[in-house]
Structures are given as C-alpha cells and as structure tokens.
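Counting starts at 1 for both ligands and their atoms, in listed order.
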Amino acid sequence: MGLKKGDEYLKSIKSLGLKAHVLGEKAENLPEHGLVEPAQKAVAFTYDAAQDKETRDLFCVESALCKDVVNRFSHLHQSTDDLVNKVKMQRYCGIQTGCCFQRCVGLDAANAIFSTTYECDQKHATDYHERFKDYWRWIQQDDLVVDGAMTDPKGDRSKRPIEQSDPDLFLRIKEQRPDGIIISGAKLHQTGMLNSHEILIMPTLTMRPGEEPWAVCCAVPTNARGIHYIYGRQSSDTRKLETYHLDVGNPVYGGQEVMTVFDDVYVPNERVFMNGEVDFSGVLVERFASYHRQSYGGCKTEVGDVLIGATALIAKMNGVDKASHINDKIVEMIHLNETIYACGIACSTTGEQTSAGNFQVNMLLANVCKLNVTRFPYELARLATDVAGGLLGTMPAAAELEDPLAGKYIQKYLSANTQYKTVDRMKVLRLIENLVVGAGAVGYLIESMHGAGPPAAQRIMIRRQAQIEEKIDQVKAFLSIK
Ligand code: SF4
Ligand code: FE
C-alpha cells in the first residue's frame, strides 16, 4: 500500500462509517462534523508531513519489521536516534497544528507491546509476539492510525477490579471462546479514537493473581460491532460550529476527547496479545506510560512554542515588548518549555535496547519529563495571561465587527500598536485564550496533568527507578558507615 497522503487518510477514515453521540445527537457523517473535522485534519497533517520534501527525512524511516519505508508514527524504534527523532517529529507537528495530533499513542502502545509480548512468550510459551508482528506489519504497510487505549473508568478507586460493584469498570475478558475472546468495558479520555482505523487495548494497571480477566491486550477495528462512541464536551467547543471562525482561536486544527464503550466486542485470537498473564500487565503499563511520558517532551513543548510566540506577538501588538518585566516573563516561558524538551531528549538518548530488539526510553528520565509537564505548562499559561492583559477575558465576539456601530467602536477602541490591525490583535488574543482557558486548554493543561498518568503515578515510578538504596550504600561507603 505504501505511504498515504493526508486526503487519502481522510477518505480511508470516512469509509469506516463511524458514528458517535455528539452533543445529544447521533452524528453519522463524522468527518464533516464541525467538531470532529479540525481534529481529523491534525492527524492528516502527520501524513502530509511524510510527503513534504522539507520534512520527509524526519517522518519517513525504514521499518525493521516490513523493510519498507514507513511513517515514523508506526515505527518500532531501532536506536536511541530513533527515539530522539520521534520527539523532534512531535515538536514539529505541534508547532504546525497547535493541538494534539493523536497518532503517538498507538506508536507508544506498539513499542511497549512489541517488547512485552516477546518476554511473555519466553516465560509462558505463548505466541503473542509473532501475532503482534503480523498485525503491526499490516499497520505499517497500510499506513494506518492506531489509538492506544489504556484508561479504564476505574470506579471506586479504593477497590481492585474484582471488588468493583460492576466488573466492567475495568475493561475485561467476559468470555473465552475457542477462536477468540469477548471483551466488555470502556476506555475514557480517548483523543484520537474517532480518527483511527484500529484500537490497541491495554490494561490500565498492574493486575494481580485472581485478576486474569482484566489482564488483556488486544486489537480491534474502530468500526467493530459493539463499540459505541460518546463525544466529550470542552469549554468553548461549539465556537467551532459558529460562522465567525476568529473566535475559535486555532483557525484550522483542534482537539477532542471521546468515551468509548466496548459492549461485548469479539476479538479473534490472532488479535489477542495478552490473555490473563497478570505478571506482564504491569510491565506493559510501565513501558507504555514511559513512552507516552517521553512523547509529552515533544508534543507539549510545541504547544508551548505556539503560546510563547503568541505571547511575544501580543506584547508587540500591545506596545509593551520593550518593557524589561515582559521580556523576563517571555524568557521564563522559554526556560520552562525547553526544560521539558531537554527531558524528552535526555530520556531518548539514554534509552536502551530491549530483549525483543526495539528501544525503550530511560524510564526515570521519562517520568521526570512528564512530572515537569504536570507543572510547567500551567506556569506558561499564567505568564501568557499576565502579558496578554484582561482583554483576554472580555473581548467582544468577532461577529460584532460586521455591525456598523459596534464594529466601528471595536476598531477604534481595541486598536493598540498601529503597526498591527485590530482584527489581527483579536486573532492573537483568541489563540492565547484557546490555549489557556478554551478548548485548546484541554490538550495543553488538563492533558498535561492527567494524560499518560497523573503526577502521583510519575512519583511512584521515579521512586521505583531512582535506586535510593544504592545511593544510601554509596553515602555509607563514603562515610565508612557499616
Ligand atoms: Fe501525541 Fe501529545 Fe496527543 Fe499524546 S497528547 S497523542 S503525545 S500529540
Ligand atoms: Fe495524550
């Protein structure tokens, strides 16, 4: 099949005929729905970038699995250079789209499943690794988008999956059949689900003996029978449906979130990559989470780039760009943003080869990266709000520009540095608003906190990876303490 172009990808998604519950209605033609279209365009960008002669060297790579040139978004990393290039590619995508481009989750899931299935087969004499290789070869050759689905609803957080009032609160195997399994449950916070061809399902936490039905990893098509999609609401989301696009902030692209329900979905054996091996559930969760925490070192810094650029521009438009305290704030934003990126690069360059042959990020540094992401974008948003000024929250609607009276007054009283048009100043303010309190803030702030796991999850991993006992022993030796 080879590499698809953006419009070929869009056609292929349309042909799946996905339906979703959107704002209380059953939407059938999703690719043309005003809410869905901007998010789909963001994924299409990852295809077009692989065709663009300026960027194809970064986006295209030879696959060790199928030997063809594939999109890096489906690549199994063969070196630390591959890990670094992944982060660079993510940063590039983000500065172009200003939102989540969704394709990294499947990439991160694939790399984690590739190494975990190999080790599981060694121990349990299963054949998941070969199954997965066959599956992923097809994904690479057909240049498909895969949604990695990990987060279960989790119900009462004080209870294990087996103790919940409803066993479906953690996605589970409901029935074993000779030729496959039936799964039941839901996955929340699925950004790219409606823009994907396939779903890779993973357990949400380390399962224990007795919790075998919840230790499941498998793949299903997004249009499989029994799957239902319920669209998430985001602040200011319906601005995307209005005539005056200026008020959206991000003119072309945008994010979305979807609750996905698996109501007795059949999965054939060849698409099952874990079926009750509880001892590998935690390995898979930790590896996937670490890859995705590395991903944030690229994708969140790029949205930071957009916010920094917009903040520096609005400072010029407001006529305050020469003020030293404004410059200090912009430098602070850059410092915080590049600190995140540095962690994304560092956990990539210090990654290591797995026994399956692909490369895994340095888990300690990937978790440090993501822990910074749970804080720094909030500080960037605070500084951008400070520099932009109060108009960020009080500016009239773009539609008023059409009114002879209101339009005249807006042009007159929202004019600042006369080198810039009032309407352009409004565009920049709406972009900043989008990222700090509007629909874009879901991807930039809420997702920075909770995506790839909340800060508490990173703290646990940091504690586990930091080899504290070794440090204690070193100090004891240094001080000659027995
Ligand atoms: Fe990729 Fe970032 Fe979106 Fe995750 S949140 S899919 S890493 S762009
Ligand atoms: Fe995410």
Side-chain angles (χ1 to χ4, degrees), residues 38-47 49 58-59 71-75 77 83-112 144-151 187-200 202 232 234 250 253-258 260 287-307 337 340-341 343-345 347-348 361 366-367 369-370 372-374 376-377 435 439-454 457-458:
Q40 226 158 67
K41 281 187 181 157
V43 182
F45 178 83
T46 68
Y47 283 88
L58 183 59
F59 281 72
N71 192 302
R72 190 177 290 284
F73 275 104
S74 68
H75 186 49
H77 315 297
L83 290 169
V84 170
N85 283 332
K86 171 194 163 193
V87 176
K88 287 184 178 170
M89 174 179 74
Q90 288 166 317
R91 189 164 187 176
Y92 177 76
C93 284
I95 187 104
Q96 301 295 321
T97 62
C99 69
C100 170
F101 33 89
Q102 304 148 55
R103 219 174 155 182
C104 336
V105 204
L107 166 67
D108 293 340
N111 274 279
L144 300 178
V145 180
V146 180
D147 178 286
M150 175 166 277
T151 312
K187 293 290 182 186
L188 304 187
H189 322 317
Q190 298 303 304
T191 316
M193 193 63 97
L194 295 177
N195 305 331
S196 299
H197 305 92
E198 287 276 314
I199 310 166
L200 264 176
M202 297 166 281
Q234 301 182 336
N250 186 333
Y253 304 105
Q256 64 184 11
E257 297 295 335
V258 182
T260 306
R287 286 184 188 173
F288 167 75
S290 296
Y291 279 125
H292 210 53
R293 289 166 192 171
Q294 169 215 24
S295 287
Y296 279 28
C299 92
K300 298 306 176 209
T301 41
E302 42 76 3
V303 184
D305 288 333
V306 174
L307 190 58
N337 204 42
I340 296 173
Y341 185 61
C343 289
I345 295 295
C347 72
S348 304
V361 293
N367 280 278
C369 177
K370 173 65 204 333
N372 285 339
V373 171
T374 65
F376 295 176
L435 292 173
V442 175
Y444 188 51
L445 299 179
I446 299 176
E447 195 170 20
S448 286
M449 182 66 76
H450 291 289
Q458 284 106 63

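Residue T191 places no heavy atom under 4.0 Å from ligand 1.
Under a cutoff of 6.0 Å and an axis angle of 45°, R103 and Y47 form a cation-pi pair.
Distances from atom 3 (Fe) of ligand 1 to the heavy atoms of C99, G94, C100, G451 put C100 nearest. Of the options F73, F101, Y291, the smallest heavy-atom separation from atom 8 (S) of ligand 1 is shown by F101.
No other N/O/S atom of H292 lies as close to atom 4 (Fe) of ligand 1 as NE2 does.
Neither side chain, Q190 nor T260, offers a donor N or O lying under 3.5 Å from an acceptor on the other. The closest side-chain donor-acceptor pair between S295 and Q90 falls under 3.5 angstrom.
Within the listing of ligand 1, atoms 5 (S) sit less than 4.0 angstrom from a heavy atom of E447. The distance from ligand 1 to the heavy atoms of V105 drops below 4.0 Å at these ligand atoms: 6 (S). Per-residue contacts place S295 under 4.0 angstrom from the following atoms of ligand 1 (heavy atoms of the residue considered): 7 (S). Within ligand 1, counting atoms from 1 as listed, the ones closer than 4.0 Å to a heavy atom of K300 are 5 (S).
Contact of the I340 side chain with the P377 side chain is registered, since non-hydrogen atoms from C-beta on lie closer than 4.5 Å. You'll find the side chain of Q294 stays beyond 4.5 Å of the side chain of K370, heavy atoms only.
A donor-acceptor contact shorter than 3.5 Å links the side chain of N111 to the backbone of H75.
With 2.8 Å as the limit, C299 counts as an N, O or S neighbour of atom 2 (Fe) of ligand 1. Here C104 reaches atom 1 (Fe) of ligand 1: one of its N/O/S atoms is less than 2.8 Å from the metal.
Note: Y291 and H77 have tilted aromatic rings, judged against thresholds of 30 and 60 degrees for the angle between ring planes.
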